[in-house]
Amino acid sequence: MLQLNYIREKKDEAIARLAIKNFDARPVLEQVLELDNDRRKTQNELDAILNEANTLAKQVGELYKSGKKAEGDELKNKSASLKENSKKLEEKLAVIEEQQHKLLVTVPNTPNMQVPKGKTPEENENVYQEGEIPKLYDGAKPHWELASQYDLIDFELGVKLTGAGFPVYKGKMARLQRALINYFLDKATAAGYLEIQPPIMVNEASGYATGQLPDKEGQMYHSTIDNLYLIPTAEVPITNIYRDVIVKADQLPIKNCGYTPCFRREAGSYGAHVRGLNRLHQFDKVEIVQIAHPDKSYEALEEMRNYVAGLLRELELPFRILKLCGGDMSFASALTYDFETYSAAQQKWLEVSSVSNFETFQSNRLKLRFKGADGKAVLAHTLNGSALALPRIVATMLENNQTAEGIRVPKVLVPYCGLEIIN
RNA sequence: GGUGAGGUGCCUGAGAGGCCGAAAGGACCAGUUUGCUAAACUGGCGUACGGGUAACUGUACCGAGGGUUCGAAUCCCUCCCUCACCGCCA
């Protein structure tokens, strides 16, 4: 959610930035400001009346105390009409605030000015590419065929147990998954991220603070009996650690990481293009989160970008980094880098990570602040990124590393799983 | 699931209709002093939204929402949550 002060002080800048996301902000923001004038006027009136009522109540008390009952009673009558008025104004104020809030939550985050214009994923800016796209031998297969050939992943069994999108990993594959998780966590810890094992169900307040609720309600699994939600990403519980928190400035940047399973209903996205591991209802992911000083958040973003690039390099996967264009960015992001690995067998790029700076968009809802130099509470910047999500890493790895003899395990993972080849 | 207790500022914790934005202690910040892996003393120290160039000032907030009252942290109602014990249990 954008800050009111920002809209008030820099309306034109906000409009210009939002135009990059192809969002015509002028009408909404002007309406917000109009309501804001109304809100201030109403609050002024209300405050004046309440002030009078408070003064009156004090006088009544003193009169009673000194035995002047008649005079006290007289003042009492006066306060009745004040009360009526204040009630009306309170209601009016509540309505205005609600309208304003409703408008504000429809406005996406203002993208950073360096975000490229554009509407479709094709207009994302390819900012970096690394690694060699492997030439596969004749008869190379997509990962879902490899998975059944070596009995690694059983999609049908998952259907039996739960439903489509809940694969069962078996034997060496289960071990490889475990290895990846440990490898990612070890790397993150070494890079200064504090490992967190959060709950994988969250309450409504948490869902609201990171923006999954109320809009994206249908994308989360919901345990209605307890009113808890299965998390779509560790970002939700980990970021919510800092909900309603004022941290000390010298604690910044705060760096947390966590492994969790992630659950996404992905309603309405069934189809041929989501075969195999490409899109699942349950998957594993290690997430990195940073809470940064506003002056340092873009440095932090670059650091995270380099960090993720390092992981892919060590895993020997060809990858590219895209700076998302305005039209392809998420609602909450100010700048996003997507990482894609190239799957030689599917002959396409697969998104494996998304690293974003949210600036104050999340912290405004979270009320996540730090004490500035002047002792005032200032909203911190939040950032997060996948480091990494497993399924598409596994898919690319299986496909790119396949040989006639089996699937080669990247060197860095050998100590983690004790396997050099899967066959 | 049963029974009981309780939710107050960064933390501990008092307050039981007006003198309460809230005692006291701790933590924290600034200063003084003695000195040195620290102590003592003095002062400061909540958040949000308004008004004012500013000093300053108004209003709201003691889990949330209603109500009673001239006046509510304090009384009443509803909801949420936490803790303890018992039951069940990885």
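Please read these numbers as outputs of a predicted model, since none were measured by experiment. Naming convention: chains lettered A, B, ... in sequence-line order (proteins, then strands); numbering from 1 in each chain.
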| query | Got a salt bridge between Glu91(A) and Lys87(A), using NZ or NE/NH1/NH2 to carboxylate O under 4.0 Å? | reply | no

Task: Interatomic distance at P, rG7(B) relative to rG17(B), whole Å - done: 16 Å

Re rU37(B): Watson-Crick or G-U wobble partner, both distances kept under 3.5 Å, found to be none

Scan Leu50(A) against the nucleic acid and name what it touches under 4.0 Å (heavy atoms): base, sugar-phosphate only, or nothing. sugar-phosphate

When rounded to whole Å, the CD to P distance for the pair Glu52(A) and rG58(B) reads 15 Å

In whole angstroms, the gap separating P of rG52(B) from CG of Asp47(A) amounts to 13 Å

Rounded to whole Å, OH of Tyr64(A) lies from P of rU69(B) at a distance of 13 Å

Re rA84(B): Watson-Crick or G-U wobble partner, both distances kept under 3.5 Å, found to be rU3(B)

note: Arg40(A), atom CZ; rG50(B), atom C1'; distance rounded to Å ~ 8 Å

* In whole angstrom, give me the gap between the P atoms of rC45(B) and rA24(B). => 13 Å

* Asked: Backbone N or O of Leu18(A) within a donor-acceptor pair of the Thr110(A) side chain at under 3.5 Å?
  -> no

rA22(B) -> Watson-Crick or G-U wobble partner, both distances under 3.5 Å, gives none

Does rC49(B) have OP1 or OP2 under 4.0 Å away from a side-chain N or O of Arg39(A)?
no

When both distances are under 3.5 Å in a Watson-Crick or G-U wobble arrangement, the nucleotide paired with rA27(B) is none

Taking only the P atom of each, what is the distance from rC10(B) to rG1(B) in whole angstrom? 33 Å

For Cys417(A), does its backbone N or O pair with a side-chain atom of Arg178(A) as donor and acceptor, under 3.5 Å? no

Item to complete: State whether the number of non-hydrogen atoms from other residues, nucleotides or ligands found under 6.0 Å of Lys92(A) atom NZ is greater than 12.
Response: yes

Walking RNA chain B from its 5' end, the first of Gly61(A) and Asp36(A) to be reached, judged by nearest nucleotide, is Gly61(A)

Answer for the Watson-Crick or wobble partner of rG71(B), both distances under 3.5 Å, is none

- Short question: side chain of Asn112(A), backbone of Val115(A) - any donor-acceptor pair under 3.5 Å? no

Using only side-chain N and O atoms of Asn44(A), determine if any of them is under 4.0 Å from OP1 or OP2 of rU59(B). no

- [ ] Would you kindly say whether Tyr298(A) and Glu359(A) are connected by a side-chain donor-acceptor distance under 3.5 Å?
- [x] yes

Less than 4.0 angstrom from a charged side-chain N to a carboxylate O is my criterion; do Lys58(A) and Glu62(A) meet it?
no

Re rA14(B): Watson-Crick or G-U wobble partner, both distances kept under 3.5 Å, found to be none

Paired to rA55(B) by Watson-Crick or G-U wobble criteria (both distances under 3.5 Å) is none

More than 12 foreign heavy atoms under 6.0 Å from CD of Glu84(A): is that the case here? no

Going by an N to O cut-off under 4.0 Å, is there a salt bridge joining Glu123(A) and Lys117(A)? no

How far does the C1' atom of rG71(B) sit from the matching atom of rC81(B), given to the nearest Å?
30 Å

Practice problem: Report the C-alpha distance between Tyr337(A) and Glu302(A) in whole Å, list the side-chain angles of each, state the deciding distance to 0.1 Å, and finish with yes or no for side-chain hydrogen bond (donor to acceptor under 3.5 Å, both in side chains). | Solution: CA-CA 10 Å; Tyr337(A) 291 115; Glu302(A) 292 309 310; 2.9 Å; yes

Give each protein N/O atom lying under 3.5 Å from an N/O atom of nucleotides 88-90 of chain B, with the pair distance.
none

The Watson-Crick or G-U wobble partner of rG46(B), with both key distances under 3.5 Å, is rC61(B)

Here the distance between atom C1' of rG58(B) and atom CD of Glu45(A), to the nearest Å, is 14 Å

| message | Say we look at rA30(B) and rG35(B): how far apart would their P atoms be, to the nearest angstrom? | response | 23 Å

Result for 5'-nearest mapping on RNA chain B, choosing between Asp226(A) and Gln59(A), is Gln59(A)

Per atom distances to the Arg8(A) side chain, the nearest of rA48(B), rG50(B), rU59(B) is rG50(B)

Rounded to whole Å, CG of Asn51(A) lies from C1' of rA60(B) at a distance of 13 Å

Quick note, Gln43(A) side chain, CB onward, closest among rG51(B), rG18(B), rG58(B) is rG58(B)

Sugar-phosphate, base or nothing in reach of Asn54(A), heavy atoms under 4.0 Å
sugar-phosphate

**Study point:** Under 3.5 Å side-chain donor-acceptor pair for Glu405(A) and Asn423(A)
**Key:** no

Any chance CD of Glu90(A) has more than 12 other-residue heavy atoms, nucleotides or ligands included, within less than 6.0 Å? yes

Between rG6(B) and rG43(B) - C1' atom distance, rounded Å: 36 Å

Which of rU59(B), rG18(B), rU47(B) is nearest the side chain of Ile246(A)? It is rU47(B)

Worksheet item: Roughly how far apart, to the nearest Å, are rG58(B) and rG52(B) at atom C1'?
Response: 11 Å

Are Arg369(A) and rA48(B) close enough that a side-chain N or O sits under 4.0 Å from OP1 or OP2?
yes

Within residues 82-105 of chain A, those residues having any heavy atom closer than 4.0 Å to RNA chain B are Lys83(A), Lys87(A)

Rounded to whole Å, the CG-P distance (Asp38(A) to rG50(B)) equals 14 Å

Exercise for review: Could you give the distance separating rU69(B) and rG18(B) at their C1' atoms, to the nearest angstrom?
Suggested key: 12 Å

Gln251(A) atom CD is separated from rC28(B) atom C1', nearest whole Å, by 12 Å

